[in-house]
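Okay, so here's the structure we're looking at.
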Amino acid sequence: VQLQASGGGLVRAGGSLRLSCAASGRTFGNYALGWFRQAPGKEREPVAAISWNGGRALYADSVKGRFTISRDNAKNTVWLQMNSLKAEDTAVYYCAADKYGVLGASTAFNPDEYDYWGQGTQVTVSS
């Protein structure tokens, strides 16, 4: 599976962005998908994850109520809708795919569990 993230950019605090991650491969629908982010000088951190069929979604506490993850397996695409953006959301955002499609409570936010990664897209929020 190859993943291509897009949709990043520069936005003012309080604004919105929608990230997309397009995937190649016929088995996309079997994978759990996640979004992670990494700010300069910080470790990569989880943002959100969604199960293979979209039936379960998990969010980091820092983005709950502001971000929404969704997917369309027919389009091989996962999205991250980001609202009420804050300066601390500034980071490179990565999408990732986990061959084990069911989100586990202890694994959904573990980057080591993910098998494929996209190249990242920069999100910059000005205050």
Side-chain angles (χ1 to χ4, degrees):
V1 173
Q2 291 186 322
L3 303 172
Q4 181 75 33
S6 61
L10 174 64
V11 63
R12 290 186 177 181
S16 299
L17 280 175
R18 190 190 196 200
L19 305 184
S20 299
C21 180
S24 63
R26 293 177 294 176
T27 56
F28 173 86
N30 296 336
Y31 297 169
L33 299 167
W35 286 96
F36 292 77
R37 67 186 183 187
Q38 188 167 18
K42 295 187 176 181
E43 293 188 354
R44 189 170 297 190
E45 64 176 7
V47 177
I50 190 167
S51 62
W52 69 276
N53 63 352
R56 186 182 185 198
L58 298 174
Y59 298 92
D61 288 342
S62 59
V63 306
K64 278 181 183 176
R66 300 188 297 123
F67 291 11
T68 303
I69 188 171
S70 60
R71 68 187 293 166
D72 185 335
N73 289 343
K75 296 181 179 180
N76 277 15
T77 304
V78 60
W79 296 276
L80 184 69
Q81 178 67 44
M82 306 186 295
N83 299 329
S84 302
L85 283 161
K86 305 175 182 179
E88 50 264 43
D89 294 319
T90 294
V92 177
Y93 284 70
Y94 299 88
C95 58
D98 178 5
K99 289 187 289 186
Y100 184 63
V102 178
L103 293 182
S106 61
T107 59
F109 284 167
N110 182 354
D112 293 336
E113 294 292 328
Y114 287 79
D115 305 286
Y116 306 99
W117 290 83
Q119 85 291 357
T121 184
Q122 175 71 47
V123 172
T124 303
V125 184
S126 63
S127 57

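Predicted model only: the values in this text are computed from it and were never measured.
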Exercise for the section: Assess whether salt bridge (charged side-chain N to carboxylate O under 4.0 Å, His left out) is satisfied between Asp89 and Lys86, documenting all intermediate values. Expected result: CA-CA 5 Å; Asp89 294 319; Lys86 305 175 182 179; over 6 Å; no
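Proximity of Leu85 to Phe67: side-chain heavy atoms (C-beta onward) are separated by under 4.5 Å at one or more points. Met82 has its side chain out of reach of Arg66: every pair of non-hydrogen atoms, C-beta onward, lies at least 4.5 Å apart. Annotation: side chain of Ile50 is not in contact with side chain of Trp35 (no heavy-atom distance under 4.5 Å). Contact check for Leu19 versus Arg37: no side-chain heavy atoms found under the 4.5 Å cut-off. Contact check for Trp52 versus Asp98: no side-chain heavy atoms found under the 4.5 Å cut-off. Within the 4.5 Å cutoff, the side chain of Glu113 has no heavy atoms near those of the Tyr100 side chain.
Distance check, rounded to the nearest 0.5 Å: CZ of Arg56 to CD1 of Ile69 gives 12.5 Å.
Cation-pi check for Arg71 over Phe28 is met; the charged atom lies under 6.0 angstrom from the ring centroid and within 45 degrees of its normal.
Around CD of Gln2, the count of heavy atoms belonging to other residues, nucleotides or ligands within 6.0 Å does not exceed 12.
Residues satisfying the side chain to side chain contact (heavy atoms under 4.5 Å, CB included) criterion with Ser6, sequence neighbours excluded, are Ser20.
Scanning both residues, Val78 and Ser70, for their nearest heavy atoms gives CG2-O, 3.1 Å.
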